[in-house]
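Just so we're clear, the structure is a prediction, and the values are computed from it rather than from any experiment. Letters go in sequence order (proteins before strands), and every chain restarts at 1.
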Protein chains: 2
Amino acid sequence: MVDHATDIGRASAARSRILDTATNLFYAEGVHAVGIDRIIAEAGVAKATFYKYFPAKDELVRAYIQNQSRQGRAMIDKISARSARDSILAIFDLVADAAAQPGYRGCPFLNAAAEYPDQSHPVRQAIDEHRQWKRDLLRGLLVADGSSDSETTADILTVASDGLLIASHLDRPANLRRLILETVLQILGPLADK
Amino acid sequence: MVDHATDIGRASAARSRILDTATNLFYAEGVHAVGIDRIIAEAGVAKATFYKYFPAKDELVRAYIQNQSRQGRAMIDKISARSARDSILAIFDLVADAAAQPGYRGCPFLNAAAEYPDQSHPVRQAIDEHRQWKRDLLRGLLVADGSSDSETTADILTVASDGLLIASHLDRPANLRRLILETVLQILGPLADK
DNA sequence: TGTCTAGTAGACAAACCTGTCTGCTCTTAA
DNA sequence: TTAAGAGCAGACAGGTTTGTCTACTAGACA
């Protein structure tokens with residue numbers, strides 16, 4: 001099998017530019033609020049090129065969600081903690097890190113889900129996939145932490161995570177890091193077994 | 001001051017029809033996804049009448065939010081509990097009641113906020129007002145319940161409320177009522193003082 | 001009878017949306 | 001040298017958006 005020069009970057013430069021531009025615009029202003037024309041203009045790409053890689057706008061939105069999911073996983077993969085409990089705390093701390101960023105506008109998955117009422121829509125399915133992955137991750141860590149009911153506690157941690165993402169965006173509490181710590185410790189137990 | 005016949009209903013029938021129709025459509029399909037033409041058609045109202053009562057679409061959206069807020073307060077006002085703690089539990093139980101309704105699509109305030117990136121937008125301000133009202137309500141109940149740190153606990157209850165609203169919509173857990181109870185009791189303390 | 005108000009019906013403008021299609025240039029590989 | 005693929009530029013179609021404006025109807029009241 002011979003190498004094709006165009007395969008060197010795996011994804012074409014034009015496609016990457018489209019996806020990067022769409023990621024920034026969709027996150028900052030919402031999916032319905034950003035049109036194709038604006039994306040191709042800011043990405044410096046021809047319309048025909050856009051429709052070659054993304055046959056419909058919804059497919060770009062789906063790629064946007066998967067892109068956000070990939071980036072979110074990468075952030076979590078970088079964490080190196082000494083214990084399962086420390087890993088959970090570090091994951092929740094990412095919310096505070098994100099909220100401290102300049103253009104922070106809440107959770108991209110929650111924001112996008114609000115714009116897609118139909119539960120069976122491919123975009124919603126991509127969001128569900130990410131949420132399922134995150135819940136499974138938390139449940140695994142709870143098992144390693146010796147949780148007596150990892151299923152229920154994973155659900156409660158998911159509730160806490162979503163609620164903190166909402167709070168960090170809509171309410172912007174003064175001491176977000178402290179609120180995160182208090183919330184998580186109340187769920188895991190302050191000085192629980194190991 | 002003489003009574004005007006047109007004041008009998010306080011708000012005109014046409015205006016009410018517009019707001020009711022918009023409330024249903026905005027909640028079910030999202031704000032950006034529903035156009036003026038559709039609202040006036042389903043409300044059976046002339047375009048001029050619409051623009052007489054709502055000079056711009058955003059003013060209708062603001063009225064929609066305030067309408068939802070009014071309805072939400074009415075639900076909570078109906079609660080008659082024996083203690084502050086029971087009141088809090090009853091308020092959280094409203095989430096399960098709402099989620100059991102046929103056309104449930106999550107929290108109207110969270111969904112609308114996701115469509116308005118600008119924090120200073122009148123629609124966002126109306127959402128903030130409702131959130132502030134609800135937080136103050138919870139904090140008052142916590143004080144009555146003898147909470148030692150009602151400020152922090154009100155923040156955590158808000159986190160739980162938002163998280164449960166998200167979960168009830170996106171994840172639809174099998175036993176939502178049990179998840180709500182476990183989450184709230186973990187925050188208030190299972191068999192705490194009083 | 002005459003006037004005022006609320007409302008209906010619908011044309012219209014100007015912008016914007018998604019998606020298709022034609023024609024051109026440039027690079028790379030055979 | 002030539003052929004193919006990648007990309008650029010932009011016109012175009014058909015629909016939808018918000019918002020304005022004109023012309024008409026029906027009821028209340030003085």
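- Taking atom NE2 of A:H32 as the reference point, atom C1' of D:dT16 lies 14 Å away to the nearest angstrom.
- When rounded to the nearest whole Å, the span between OH of A:Y51 and P of C:dG19 equals 4 Å.
- Across all strands shown, A:K47 has heavy atoms under 4.0 Å from base atoms, whether or not it also approaches the sugar-phosphate.
- Nearest-nucleotide positions on DNA chain D for B:G35 and A:A46 put A:A46 closer to the 5' end.
- Here the two rings, on A:H32 and A:F26, have centers that are 6.0 Å apart or farther.
- Atom CZ in B:F50 sits roughly 13 Å away from atom C1' in D:dT17 (whole-Å rounding).
- The shortest distance between the side-chain N/O atoms of A:S12 and the OP1/OP2 oxygens of D:dA6 is not below 4.0 Å.
- B:R15 has its CZ atom 20 Å from the P atom of C:dT5, to the nearest Å.
- Closest contact between the side chain of B:K57 and the listed nucleotides C:dG7, C:dT18, D:dG19 involves D:dG19.
- Between B:D37 atom CG and C:dA9 atom C1' the separation is 13 Å, expressed in whole Å.
- No hydrogens or angles considered: a donor-acceptor pair under 3.5 Å links the side chains of A:T152 and A:D149.
- Residue A:R17 is classed as a sugar-phosphate contact, given heavy-atom separations below 4.0 Å to backbone atoms only.
- B:M75 and B:I91 fall within a single hydrophobic cluster, where Ile, Leu, Val, Met, Phe, Trp and Tyr are joined by side-chain heavy atoms under 4.5 Å apart, directly or via other members.
- Across all strands, A:F54 comes closer than 4.0 Å to no nucleic acid atom at all (heavy-atom distances).
- Applying the 4.0 Å criterion to OP1 and OP2 of D:dA6, one finds that A:Y53 has every side-chain N and O outside that range.
- Note: CZ (A:R38) to P (C:dA15) measures 18 Å, nearest angstrom.
- At the phosphate of D:dG7, OP1 or OP2 sits under 4.0 Å from a side-chain N or O atom of A:K52.
- B:E29 has its CD atom 11 Å from the P atom of D:dT17, to the nearest Å.
- Rounding to the nearest 0.5 angstrom, the gap separating the CG atom in A:D93 from the CZ atom in A:R177 is 5.0 Å.
- Taking atom CD1 of A:I18 as the reference point, atom C1' of D:dA6 lies 12 Å away to the nearest angstrom.
- Using a 4.0 Å heavy-atom criterion, one finds that A:A48 contacts the bases of the nucleic acid, with or without backbone contacts as well.
- With the nearest nucleotide of DNA chain C identified for both A:I36 and B:V45, B:V45 has the one nearer the 5' end.
- Separation of atoms OG (A:S12) and CD1 (A:I18) is listed at 7.0 Å; rounding is to 0.5 Å.
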